[in-house]
Amino acid sequence: MAFLWTSDVKNQYARSKIAEDDNHGYVSPGMERFDGKTPELRYAYNICQEHMDIMPKEVPGLAENISQLRQDFKGLASFILQSLAVAVGMPQNFFLDNHKHMLSNNSHNLTTLRMLYYPPVTGNNKDFESGQFVRCGAHCDYDSFTLLAQDSEGGLEIKLVGSDKWERVGHLPGAIAINCGETLSAWTQRRLYALPHRVIVPEDEESPASGRHSLAFFLHPDNDTKISPRDLVNQDNIDHNATDERLFCKMK
Ligand SMILES: O=C(O)CCC(=O)C(=O)O
Ligand SMILES: [Fe+2]
């Protein structure tokens with residue numbers, strides 16, 4: 001995992017700091033602030049492209065394993081997109097047709113597979129940025145939806161619709177959580193909700209924070225997709241004043 005890489009590898013494969021650039025690459029702890037203010041103690045490696053030659057060759061087996069994982073996430077995402085289209089009364093391929101370029105590269109589509117590692121909170125990093133840090137600040141994802149696999153360390157919390165209470169998202173071996181993002185929420189006129197979520201350091205005595213691993217697949221529509229809440233037909237409470245909107249997002 002990225003935290004074990006040498007600093008040479010981290011530098012060579014670092015994500016660009018230029019906002020317009022591709023989101024691909026290694027992101028070091030403290031670079032991101034999802035709640036807009038608090039730095040995050042997290043190592044991440046973003047995969048946004050299909051070319052094998054941009055994966056760190058210095059890490060044995062990484063490119064091959066990621067290639068398989070990418071195919072699996074793309075297959076699962078395609079299946080869910082078709083199911084959701086049918087669920088909202090649209091032709092089966094309606095959403096899928098707007099996600100043709102997932103993981104091809106950010107100039108066509110912002111989809112990103114992220115490998116995440118949150119180190120244990122120990123004496124060494126307790127003082128990271130003067131003790132002010134979180135694992136992942138409260139936010140909603142901005143994509144179509146996110147597929148999330150997490151280990152048993154826990155810490156992921158979510159707010160359900162209409163509630164102010166943070167609820168724990170438990171770990172089920174082999175399970176993948178699906179969280180709707182703002183884009184699909186707007187597209188479906190809030191028939192699907194983007195739920196606020198965050199990652200805290202678990203306080204449970206029986207599972208001292210040993211470090212959390214997660215894998216998140218952020219699925220975005222193709223960049224040239226014109227998204228309108230009026231795309232969906234047969235809606236009982238359609239807002240006829242809703243205007244066409246094109247939503248942009250870059251996870252930076
Ligand atoms: O690491 C996790 O489990 C969640 C991360 C997350 O919500 C995000 O990166 O948007
Ligand atoms: Fe998220």
Side-chain angles (χ1 to χ4, degrees), residues 1-3 15 19 22-48 66 69-70 73 76-77 80 102-103 106 109-121 125 128 133-161 166-186 192-204 207 209-221 247-252:
M1 186 44 215
F3 73 102
R15 182 183 69 179
D22 205 292
N23 200 21
H24 191 99
Y26 166 71
V27 185
S28 55
M31 271 183 81
E32 295 175 315
R33 293 161 197 237
F34 278 20
D35 68 0
K37 44 183 197 293
T38 326
E40 290 166 340
L41 186 52
R42 172 181 59 221
Y43 296 81
Y45 189 74
N46 295 342
I47 295 139
C48 306
I66 291 298
L69 201 57
R70 220 164 31 190
F73 271 118
L76 180 57
I80 295 169
M102 56 175 113
L103 285 189
N106 284 171
N109 184 303
L110 300 178
T111 297
T112 302
L113 172 59
R114 274 197 120 191
M115 300 190 291
L116 297 158
Y117 175 66
Y118 305 83
V121 178
N125 59 29
F128 175 78
F133 69 88
V134 287
R135 279 198 158 168
C136 183
H139 66 284
C140 290
D141 293 344
Y142 197 84
D143 52 1
S144 296
F145 57 74
T146 306
L147 301 176
L148 184 81
Q150 54 167 344
D151 68 7
S152 58
E153 162 123 344
L156 180 63
E157 295 186 332
I158 202 150
K159 271 189 191 171
L160 297 173
V161 179
W166 286 108
E167 313 269 359
R168 198 174 137 252
V169 180
H171 170 252
L172 223 96
I176 290 184
I178 309 172
N179 196 17
C180 178
E182 300 272 19
T183 300
L184 195 57
S185 180
L192 301 168
Y193 285 95
L195 300 180
H197 53 285
R198 66 180 186 180
V199 179
I200 58 157
V201 179
E203 281 166 12
D204 188 351
S207 85
S210 58
R212 169 185 170 82
H213 297 84
S214 61
L215 268 174
F217 180 82
F218 298 96
L219 176 73
H220 289 262
L247 305 164
F248 292 97
C249 165
K250 208 144 196 197
M251 297 293 294
K252 288 212 171 182

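Just so you know, residue 1 is the first one in the sequence shown, and it goes up from there. Fair warning: this is a prediction, and the values are worked out from it, not measured in the lab. Just so you know, ligand 1 is whichever comes first in the structure, and atom 1 is the first atom listed for that ligand.
Taking 4.0 Å as the cut-off, R42 does not count as a neighbour of ligand 1 on heavy-atom distance. Distances from ligand 1 to the non-hydrogen atoms of Q150 include no value under 4.0 Å.
Using a 4.0 Å cut-off between heavy atoms, H139 contacts ligand 1 through its side chain alone, with no backbone atom that close. Residue T146 does not touch ligand 1, judged by heavy-atom distances below 4.0 Å.
Between the side chain of S214 and the backbone N or O of A149 there is no donor-acceptor pair closer than 3.5 Å.
Here is the list of ligand 1 atoms found below 4.0 Å of a heavy atom in L148: 2 (C), 3 (O). Of all the atoms in ligand 1, the ones that sit under 4.0 Å from a non-hydrogen atom of S214 are 1 (O), 2 (C), 3 (O). Residue Y118 has at least one heavy-atom neighbour below 4.0 Å for each of these atoms of ligand 1: 1 (O), 2 (C), 4 (C), 5 (C). Distances below 4.0 Å separate heavy atoms of H197 from the following atoms of ligand 1: 7 (O).
Comment: R198 engages E157 in a salt bridge, judged by a side-chain N to carboxylate O separation of less than 4.0 angstrom.
Applying the side-chain hydrogen bond (donor to acceptor under 3.5 Å, both in side chains) test between E153 and each of R135, H171, H213 identifies R135 as the sole match.
Within H139, the N, O or S atom at minimum distance from the Fe ion (ligand 2) carries the name NE2.
F145 meets the ring pair (Phe, Tyr, Trp, His ring centres under 6.0 Å) test with no other residue; sequence neighbours excluded. In this structure, R212 has no salt bridge (charged side-chain N to carboxylate O under 4.0 Å, His left out) partners at least two apart in sequence or on a different chain.
Considering the Fe ion (ligand 2) as centre, the angle to NE2 of H197 and to OD1 of D141 is 100° (10° rounding).
Checked by atom type, the side-chain pair H197/N179 shows a donor-acceptor distance below 3.5 Å. N46 and T112 are not linked by any side-chain donor-acceptor pair at a separation below 3.5 angstrom, with hydrogens and angles left out of the test.
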